[in-house]
Amino acid sequence: MAEKAAEKKPPSVHTGHRSRMREEFLRAGAVGMEDHRLLELILFYAIPQGDVNPLAHQLVDHFGSLSGVFHATYDQLVKVPGVGHNTAVLLQLIPAAAARYMEQTASFDGQIVNIWQLKELLEPYFFGQRDEVAYLVCMDGKSKVQAVRKLGQGIMDTVPITARKVMEAALDCNASQVVLAHNHVSGVAMPSHADVDTTLRLKRVLAEMDVTLMDHLIFAGGDMVSLAQSGLITAP
């Protein structure tokens with residue numbers, strides 16, 4: 001019996017590691033946690049056993065940051081050694097759930113009086129997007145939001161389709177004013193010549209329907225540019 005007791009291995013340095021990390025997060029939250037440590041904590045729920053710290057480091061190094069990991073596609077994730085189906089799905093699910101949370105908590109029952117309210121309203125719709133997406137904010141004559149309608153993906157280069165969908169959305173909401181918004185996946189919010197041309201054309205078309213196109217907002221990498229404030233379209 002003494003020999004068997006002597007043969008017992010000492011506790012691993014990793015014993016209790018997961019519990020300690022969970023307790024640290026519950027006590028202090030994510031503030032001060034490095035990207036790889038926060039990712040390691042997330043990986044606990046996809047990979048129930050083993051040391052996932054090396055994988056967390058590898059993912060952050062490969063994609064550049066925690067946000068880079070969350071922006072990676074499923075196919076990109078599973079190419080990283082150690083990342084299986086469950087891990088890739090979990091890493092895709094987190095930004096999707098965060099975007100839904102932001103969308104549901106960012107609402108305005110009153111008037112929209114400045115573009116920063118619009119930024120807060122629209123940012124969740126572009127959070128984590130890997131494709132170009134366009135939305136139309138429909139408002140009544142008192143600038144109260146009636147609806148935010150998705151126009152489609154990758155459509156800003158196709159003016160006829162955009163014009164048709166914009167008109168349909170505005171008429172369906174009986175909107176008096178609208179704001180167009182889309183994102184640049186390049187990460188640069190500067191409007192292109194095509195963006196300006198599309199906006200001016202839509203402004204003319206909507207004016208014939210007694211609908212005012214107030215602005216066109218471009219989102220990219222946390223930034224937002226207003227074409228109206230930039231003087232690229234004539235503000236009403």
Side-chain angles (χ1 to χ4, degrees), residues 1-107 119-133 135 150 153-154 182-189 219-224:
M1 293 292 293
E3 287 182 357
K4 289 185 177 180
E7 289 174 359
K8 287 183 179 179
K9 295 181 179 180
S12 167
V13 293
H14 298 294
T15 302
H17 174 66
R18 293 189 175 211
S19 296
R20 289 192 296 272
M21 284 198 66
R22 291 188 184 102
E23 290 169 5
E24 178 186 346
F25 173 74
L26 290 174
R27 184 175 61 254
V31 177
M33 291 186 75
E34 296 175 282
D35 282 3
H36 73 273
R37 296 190 70 239
L38 188 56
L39 182 56
E40 181 183 1
L41 183 58
I42 292 167
L43 292 175
F44 290 166
Y45 298 93
I47 304 172
Q49 295 181 336
D51 181 11
V52 295
N53 180 272
L55 179 58
H57 275 282
Q58 185 177 2
L59 282 165
V60 171
D61 290 344
H62 184 81
F63 294 107
S65 64
L66 183 61
S67 62
V69 174
F70 288 149
H71 279 97
T73 65
Y74 176 89
D75 290 339
Q76 289 172 332
L77 288 167
V78 294
K79 287 179 181 177
V80 177
V83 175
H85 173 73
N86 288 345
T87 300
V89 171
L90 177 63
L91 293 175
Q92 296 272 280
L93 179 60
I94 288 172
R100 179 67 58 85
Y101 169 79
M102 292 168 64
E103 179 181 332
Q104 292 180 352
T105 55
S107 61
K119 185 176 189 290
E120 185 177 347
L121 174 67
L122 289 166
E123 261 187 331
Y125 292 89
F126 300 109
F127 181 81
Q129 285 288 346
R130 300 176 187 85
D131 299 319
E132 190 171 292
V133 188
Y135 288 91
K150 184 177 181 179
Q153 294 190 210
H182 84 287
N183 62 320
H184 281 178
V185 294
S186 65
V188 180
F219 290 78
D223 294 329
M224 183 191 75

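All figures in this text were calculated on a predicted structure; none of them were measured in a lab. Below, all heavy atoms of this structure are taken into account, side chains as well, without hydrogens, waters or symmetry copies.
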Ignoring hydrogens, what is the shortest heavy-atom contact between [X] and [Y]? Give both atom names and the distance.
X	Y	result
Val69	Phe63	N-CB, 3.7 Å
Phe219	Glu123	CE2-CG, 3.8 Å
Gly222	Lys119	O-NZ, 3.5 Å
Arg18	Pro48	NH1-O, 3.0 Å
Ala189	Ala220	N-CB, 3.6 Å
Arg22	Leu41	CG-CD1, 3.9 Å

Which donor-acceptor pairs under 3.5 Å do side chains of residues 24-35 form with protein atoms, sequence neighbours excluded?
residue	atom	partner	partner atom	Å
Glu24	OE1	Arg37	NH2	2.8
Glu24	OE2	Arg37	NH1	3.1
Asp35	OD2	Leu66	N	3.1

Euclidean distance, [Y] [atom2] relative to [X] [atom1], rounded to 0.5 Å:
X	Y	atom1	atom2	value
Ile42	Leu59	CD1	CG	10.5 Å
Asn183	Tyr135	CG	OH	8.5 Å
His36	Ser65	NE2	OG	14.0 Å

Should the heavy atoms of other residues, nucleotides or ligands under 6.0 Å from NZ of Lys150 be counted, would the total exceed 12?
->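 Above 12, so yes.
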
So do [Y] and [X] actually touch side chain to side chain, heavy atoms under 4.5 Å?
X	Y	result
Phe44	His17	yes
Ile94	Phe70	yes
Pro124	Arg100	no

Would you check if the side chain of Asp51 reaches a backbone N or O of Asn53 as a donor-acceptor pair within less than 3.5 Å?
->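 The answer is yes, because a donor-acceptor pair under 3.5 Å joins these two groups.
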
Sub-3.5 Å donor-acceptor pair from the side chain of His62 to the main-chain atoms of Gln58, do we have one?
->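 Checking the backbone N and O of Gln58 against the side chain of His62, no donor-acceptor pair under 3.5 Å is found.
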
Under the side-chain contact (heavy atoms from CB on, under 4.5 Å) rule, what do Leu55 and Ile47 come out as? Steps first, then yes or no, please.
-> CA-CA 11 Å; Leu55 179 58; Ile47 304 172; 3.7 Å; yes

All N/O donor-acceptor pairs, side-chain side in residues 84-93, below 3.5 Å, sequence neighbours left out:
residue	atom	partner	partner atom	Å
His85	ND1	Tyr74	OH	2.9
Gln92	NE2	Ala72	O	2.6

Check step by step if side chain to side chain donor-acceptor pair (under 3.5 Å) holds for His182 and Gln153.
-> CA-CA 9 Å; His182 84 287; Gln153 294 190 210; over 6 Å; no

